[in-house]
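Single-structure report; data block below.
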Amino acid sequence: MEPGSTSPDSQARQDAEEHDDIRMRCAPNPNGPWHVGHARMPAVIGTYRERYDGWFCVRFDDTDPETKRPDLEAYDAILEDLEYLGFEPDEIFRASDRLETYYEHAHELIDLGGAYTCSCSGEEFSELKNSGEPCPHREKDVETVRSEFEDMVAGEYESGEMVLRVKTDIEHKNPALRDWVAFRMIDTPHPREEASEYRCWPMLDFQSGVDDHLIGITHIIRGIDLQDSAKRQQFVYDYFGWDYPEVVHWGHVQVDAYDVKMSTSTISELIEEGELDGWDDPRAPTLKSLRRRGIRGQAIVDAMVELGTSTSDVDLAMSSVYANNRDLVDDETDRRFLVRDGVELPLGGSPPAEANPPLHPNHEERGVREIPVGDAVLLESDDLPAREERIWLKGLGCFQYTRDTLQYTGEDIDVVREGDVDVIHWVPAAESVPVRLRTVTGDVAGQAEPEVGALESDELVQFERVGFARIDRHEDDETVAYYTHS
RNA sequence: GCUCCGAUGGUGUAGUCCGGCCAAUCAUAUUGCCCUCUCACGGCAAUGACCUGGGUUCGAAUCCCAGUCGGAGCACCA
């Protein structure tokens with residue numbers, strides 16, 4: 001996979017021929033459940049794994065106990081999100097379990113003359129670095145560096161007092177690559193008990209670079225924000241005589257259809273403030289939310305794979321996820337009636353006592369619904385007929401709106417086929433069940449046909465002329481459903 | 001300031017490496033028609049794009065240069 005490649009298929013196929021094995025990793029920072037954008041990595045590497053008989057692991061890069069402090073619940077939340085998408089990692093690592101390994105490699109690097117301890121303040125060093133000048137610590141002898149690094153590992157420095165830098169090229173034309181920090185001191189204990197005693201933590205470029213080699217990663221995909229990482233890590237790989245994996249950088253993903261910014265910290269704050277109910281609030285652009293809305297993980301995965309791996313930023317249209325999902329569920333989803341903000345109209349003219357529309361128009365063998373009609377129905381306000389207008393109540397028959405009453409005319413379906421009578425959905429005013437439909441833009445109240453009150457939790461329905469929804473639960477006074485899409 | 005990277009319809013993508021088969025693929029979206037007791041599913045059709053300017057060439061979406069626009073890094077974040 002060469003940088004700039006935009007053809008996942010042809011590229012990966014070519015790569016598969018060059019390597020015995022395709023080994024990839026997904027390296028999340030466990031700071032919360034995943035938002036929609038996070039699905040891209042597992043979608044792509046998971047699909048490649050299946051396609052080329054490869055391998056992938058999840059490696060939690062949790063090496064900053066302070067600024068990017070890991071959330072203990074996020075480790076499992078992320079694995080659940082992964083499962084929802086339909087993938088199981090071949091192996092799971094936590095960087096915070098592997099500190100000793102990083103220390104060993106740091107020692108090795110020091111002995112090779114590839115690193116030095118430095119007590120410059122960030123500001124001081126930055127100034128020197130920007131003018132291409134080495135700091136006085138760069139020429140320390142190996143013995144001193146080794147002993148100072150051991151003191152770092154032993155926790156004998158405070159945060160900010162000492163770092164270990166990789167000796168790269170202080171005059172490199174790209175300032176981003178000059179003598180970068182490999183280890184620093186952090187006073188705050190890691191939230192994981194197993195790692196809480198460590199104070200000397202590796203930076204991403206060191207940790208990730210070492211791990212990618214040790215784990216045998218052959219292909220790395222990462223964001224353009226890390227486009228200098230490979231060049232930085234190359235210095236370490238050169239010291240150790242390692243070959244760097246193939247790298248692809250891709251741009252950021254934006255998702256339309258949401259008011260809420262797709263950012264873990266933003267969503268987290270909104271939940272904190274009570275603006276959102278939780279990570280699975282239908283208004284949140286998270287995987288937990290899509291799951292609760294009844295969207296199949298596969299629909300998301302397919303949409304993500306279609307985005308490819310271009311280095312430019314891309315917009316994911318939720319409509320493409322919805323289109324994929326509709327394709328997946330339409331055939332097996334039963335139809336039901338739901339009337340939002342219903343307006344009650346009395347019936348006259350002795351209509352049938354019960355309506356029996358099919359559960360699915362393309363599958364009559366699945367049977368019919370039983371909807372008692374009663375003396376009055378609810379219609380959506382947009383569907384209200386004009387005076388003397390005829391409408392066809394779906395599954396029931398033709399009615400004419402006369403003197404504030406819907407009078408049954410007993411006409412047959414030909415009036416619809418002739419095209420001058422609109423077909424609309426309805427529910428009985430007396431026996432319908434209250435429904436709260438939770439949507440991306442907020443909750444909507446409605447009434448559904450009686451059988452909806454007995455549907456299993458987790459069942460998907462299509463409310464005719466409204467859209468798909470997942471039955472979430474039945475509370476005392478209402479059924480709660482999550483709107484999937486139209 | 002220094003350093004990287006990118007630019008095909010509303011969105012995503014194919015084609016770019018190896019110039020002609022591209023008056024540009026497919027999907028989605030939108031619109032219209034057909035089917036239908038749903039504004040679902042299915043079928044048909046329409047709309048709609050190679051950032052700009054130079055250069056090389058018989059020929060450029062594709063190669064070269066410049067510009068414009070956009071993104072990213074230069075953290076003791078990931």
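All values derive from a computational prediction rather than experimental measurement. Labels below follow one simple rule: chain letters A, B, ... track the order of the sequence lines, proteins then strands, and each chain is numbered from 1.
Atom pair Q233(A):CD and A78(B):P shows a separation of 12 Å (rounding to whole Å applied). At whole-Å resolution of the value, CG in D382(A) and C1' in U38(B) are 15 Å apart. Distance L177(A) CG to A75(B) P: 11 Å, rounded to the nearest Å. Note: CG (L328(A)) to P (C41(B)) measures 13 Å, nearest angstrom. When the P atom of U13(B) is taken as reference, atom CG of L316(A) falls 11 Å away, rounded to whole Å. Atom CG in D383(A) sits roughly 18 Å away from atom P in C37(B) (whole-Å rounding). We find that CZ of F60(A) is positioned 16 Å from P of A78(B), with the value rounded to whole Å. The interatomic distance linking D256(A) (CG) with U11(B) (P) rounds to 11 Å, in whole Å.
Note on D327(A): only backbone sugar-phosphate atoms sit closer than 4.0 angstrom, heavy atoms only; bases stay farther off. Within 4.0 Å of S121(A), counting heavy atoms only, lies at least one base atom of the nucleic acid. At a threshold of 4.0 angstrom between heavy atoms, the contacts of F468(A) are confined to the sugar-phosphate backbone, with no base atom among them. H172(A) comes within contact range of no nucleotide atom at all, as no heavy-atom separation falls under 4.0 Å.
Two rings, from F183(A) and F149(A), have their centers less than 6.0 Å apart. Aromatic ring centres of F468(A) and H485(A) lie closer together than 6.0 Å.
Residue K129(A) places no side-chain N or O under 4.0 Å from the OP1 or OP2 atom of C2(B). Not one side-chain nitrogen or oxygen of R232(A) sits closer than 4.0 Å to the OP1 or OP2 atom of U3(B). Contact check, R178(A) against C2(B): no side-chain N or O comes under 4.0 Å of OP1 or OP2. A close approach under 4.0 Å does not occur between any side-chain nitrogen or oxygen of T311(A) and OP1 or OP2 of A72(B). Look at S310(A) and you won't find any side-chain N or O under 4.0 angstrom from OP1 or OP2 of G12(B). When the side-chain nitrogen and oxygen atoms of R417(A) are compared with OP1 and OP2 of C37(B), one or more of them lie within a distance under 4.0 Å.
Summarising the base pairing, U16(B) is matched to no nucleotide, lacking a Watson-Crick or G-U wobble pair whose two defining distances lie under 3.5 Å. Across all strands shown, the partner of A66(B) is U52(B), judged by Watson-Crick or G-U wobble contacts whose two distances both fall under 3.5 Å. Base-pair partner of C74(B): G1(B) (Watson-Crick or G-U wobble, both distances under 3.5 Å). Summarising the base pairing, C44(B) is matched to G32(B) through a Watson-Crick or G-U wobble pair whose two defining distances lie under 3.5 Å. With a 3.5 Å ceiling on both atom-pair distances, U57(B) lacks any Watson-Crick or G-U wobble partner. In this structure, C22(B) forms no base pair with any nucleotide, since neither Watson-Crick nor G-U wobble geometry is met with both distances under 3.5 Å.
Checking A29(B), A78(B), G6(B) against every side-chain atom of S312(A), the shortest atom distance belongs to G6(B). Of the candidates A78(B), A29(B), C37(B), the closest approach to any side-chain atom of K394(A) belongs to C37(B).
At a threshold of 4.0 Å, the pair E156(A)-R199(A) does not count as salt-bridged, since none of the basic side-chain nitrogens sits closer than that to a carboxylate oxygen.
The aromatic rings of H213(A) and Y237(A) lie perpendicular to each other, with more than 60° between the two planes, well past the 30° mark. Between H360(A) and H363(A), the ring planes are perpendicular. Angles over 60° get that label, and only those under 30° would be called parallel.
Looking at Q462(A), its side chain comes within 3.5 Å of the base of U38(B) through a donor and an acceptor atom.
Cation-pi geometry between R165(A) and F125(A) is met: under 6.0 angstrom from the ring centre, within 45 degrees of the axis. Taking the centre and axis of the six-membered ring of F463(A), the NZ or CZ atom of R340(A) falls outside the cone set by 45° and 6.0 Å.
Of the two residues near RNA chain B, A323(A) and I224(A), the one whose nearest nucleotide lies more 5' is A323(A). Positionally, the nearest nucleotide of RNA chain B for D331(A) lies more toward the 5' end than for the other of D331(A) and A27(A).
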